[in-house]
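Throughout, a chain's letter reflects where its sequence line sits, starting with A, and its residues are numbered from 1.
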2 protein chains.
Amino acid sequence: MRDGSVTRKKINQAALELFARKGVAETTTRDIAGGASIAEGTIYRHYKSKDELVQSLFLSLYREQGDLLAARIRNETGIKEQIAVMINLFCHLFDENRPLFTFLLLTQHGQLESVSDEMVTPVSVLREAISRAQAAGQIRQADPDLLAAMVLGVVVQPAVFSVYGRLKQSYQDFNAELVQAAWGVLGLT
Amino acid sequence: MRDGSVTRKKINQAALELFARKGVAETTTRDIAGGASIAEGTIYRHYKSKDELVQSLFLSLYREQGDLLAARIRNETGIKEQIAVMINLFCHLFDENRPLFTFLLLTQHGQLESVSDEMVTPVSVLREAISRAQAAGQIRQADPDLLAAMVLGVVVQPAVFSVYGRLKQSYQDFNAELVQAAWGVLGLT
DNA sequence: GCTATAAGTGAGCGATCAATCACTTTAGGC
DNA sequence: GCCTAAAGTGATTGATCGCTCACTTATAGC
């Protein structure tokens, strides 16, 4: 038997970069094979179809980010600190791996529906943190999904602008402003 | 000569709905022709290519929304009122025409680069309003593009959640919360 | 009514691309 | 050193899809 795990990682890496740069529909299986320096047929030793590759990539990366966030806030008790830590992690992640963010951003359409309710995701981690803070009386009573969406928007939309070249600085530079704004959304001073 | 303007509108309407529902790449020119109840070849009497149709649709709708916003805040003087009026308009627009929002959302990738700097867009209107308020000392000094992005995120991200079924209520119901949060982002009480 | 011109039609073409499959290569177990 | 099973190959295929083109239909101006 041969070990295909290295090849699988090469496929995932090449696919991620190409999907982020050109979009999923515009990236052919030939492109992916070329980027990974393997034959086109090899892709199909690891994935049943291009669709399965896209879905597998999305779900594993999306869950991975959720797990990372959950691990980071486990040590923090106050909601303000949890928000700050999550935003800080996002800033680092985005600066260090823009293709990852871009891929998740533009494949959410059509993939988000395959996310089960029980799955740990960046969104679920944020919402649960907000829910706990509401139960503790630290945040006003309002739909926690709505609050989570608004906080997420504050952090993600500038990243979208950054991807499209409207904002040019390192994302770290925005860290303090983002935290301030996220607190403002939740009514924390 | 025959008048093709009705047919053109039917093409635009069918394309908008299909693009929003299935995505651009997944929508064929046959689909569009079927949706508009015309022959496939007729599309090419009005647009040179499918790409041109997508770009023309995006640019005209994006500009249209910018013009609408600009007209609405012209009467308002204070930044708080301007923000409130813009959010109110967005809520109405979204509830009444979700395909429009969905289309703009998922075609921004790849189309946003064809937007010239001089063009009036929802983003430019928001940024200019924030800039003026900064000049008047009503909002703290910070990158106006960043502030605009954060405010936009507060309003748009819940709409994204709504499109994907995570938030189910009418968007009007969120109006007050959205305004409160947007003010919070800008440090207005 | 005749003509010119643009709009509308849909079968068909050429290109593209995901997926297959017969074949080759590699390596762990014996 | 041989066997086996999985990994890797790449030419091929069948289907899809954007776009064309020869033709028909409608209408405004005369």
Side-chain angles (χ1 to χ4, degrees), chain A residues 1-61 99 103 106-107 109-111 113-114, chain B residues 1-61 99 103 106-107 109-111 113-114:
Chain A
M1 275 194 288
R2 294 160 85 174
D3 178 16
S5 67
V6 176
T7 303
R8 197 185 179 98
K9 277 176 191 151
K10 282 201 290 181
I11 293 170
N12 290 348
Q13 183 61 29
L16 179 70
E17 280 170 14
L18 286 163
F19 288 160
R21 189 159 69 238
K22 310 202 302 170
V24 171
E26 292 74 19
T27 299
T28 68
T29 50
R30 276 178 180 77
D31 290 337
I32 298 168
S37 303
I38 53 151
E40 215 179 331
T42 306
I43 295 171
Y44 294 88
R45 294 281 175 220
H46 297 271
Y47 297 101
K48 283 221 305 280
S49 66
K50 185 187 168 187
D51 271 0
E52 200 200 75
L53 164 60
V54 175
Q55 176 163 330
S56 162
L57 252 189
F58 178 84
L59 286 179
S60 67
L61 293 172
F103 169 73
L106 56 75
T107 43
H109 309 268
Q111 292 303 323
E113 60 196 20
S114 62
Chain B
M1 276 194 284
R2 293 159 85 174
D3 177 15
S5 66
V6 176
T7 304
R8 197 185 180 98
K9 277 175 191 152
K10 283 202 290 180
I11 293 170
N12 290 348
Q13 182 61 29
L16 179 70
E17 280 171 15
L18 286 162
F19 288 159
R21 190 160 68 237
K22 311 202 302 173
V24 172
E26 292 74 18
T27 299
T28 68
T29 50
R30 279 174 176 77
D31 290 337
I32 298 169
S37 305
I38 52 146
E40 214 179 333
T42 306
I43 295 171
Y44 295 87
R45 295 281 175 218
H46 296 272
Y47 297 101
K48 283 222 304 278
S49 67
K50 184 187 169 185
D51 271 359
E52 200 200 74
L53 164 60
V54 175
Q55 176 162 331
S56 162
L57 252 189
F58 177 83
L59 287 179
S60 66
L61 292 172
F103 169 73
L106 55 75
T107 42
H109 311 269
Q111 292 303 324
E113 60 196 18
S114 62

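Considering only residues two or more places apart in sequence or on other chains, B:Lys9 meets the salt bridge (charged side-chain N to carboxylate O under 4.0 Å, His left out) condition with none of them. Applying the side-chain hydrogen bond (donor to acceptor under 3.5 Å, both in side chains) test to B:Ser60 and every residue at least two apart in sequence or in another chain returns nothing. When the salt bridge (charged side-chain N to carboxylate O under 4.0 Å, His left out) test is applied to B:Glu17, no partner is found at least two apart in sequence or on another chain. Applying the salt bridge (charged side-chain N to carboxylate O under 4.0 Å, His left out) criterion to B:Glu26, with sequence neighbours excluded, gives no partner residue. Taking the side-chain hydrogen bond (donor to acceptor under 3.5 Å, both in side chains) definition, one finds that B:Asp31 meets it with B:Lys22, B:Thr28, sequence neighbours left out. With sequence neighbours excluded, no residue satisfies salt bridge (charged side-chain N to carboxylate O under 4.0 Å, His left out) with B:Arg45. Scored by the side-chain hydrogen bond (donor to acceptor under 3.5 Å, both in side chains) test, B:Glu40 finds B:Thr29 as partners (sequence neighbours excluded). Under the ring-ring contact (aromatic ring centres under 6.0 Å, His included) criterion, A:Phe58 pairs with A:Tyr62, sequence neighbours left out.
Counting to the nearest Å, the P atom of D:dA15 and the CZ atom of B:Arg30 are 14 Å from each other. Distance OH (B:Tyr47) to P (D:dG18): 16 Å, rounded to an integer number of Å.
Residue B:Thr29 places at least one side-chain N or O under 4.0 Å from the OP1 or OP2 atom of D:dG18.
Nucleotides of DNA chain C with any atom under 4.0 Å from a heavy atom of chain B span, from 5' to 3', C:dT5 to C:dG12.
Note that the CD1 atom of A:Ile32 and the CD1 atom of A:Ile38 stand 9.0 Å from one another [nearest 0.5 Å].
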- Query: Going 5' to 3' along nucleotides 6-11 of chain D, which nucleotides have protein heavy atoms under 4.0 Å from the base (write B), which only from the sugar-phosphate (write S), and which from neither (write -)?
  - Reply: BBBBB-

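Within the structure, the ring pair (Phe, Tyr, Trp, His ring centres under 6.0 Å) test picks out no pair touching residues 25-52 of chain A (sequence neighbours left out).
A heavy-atom distance below 4.0 Å to DNA chain C is reached by none of the residues of residues 14-28 of chain B.
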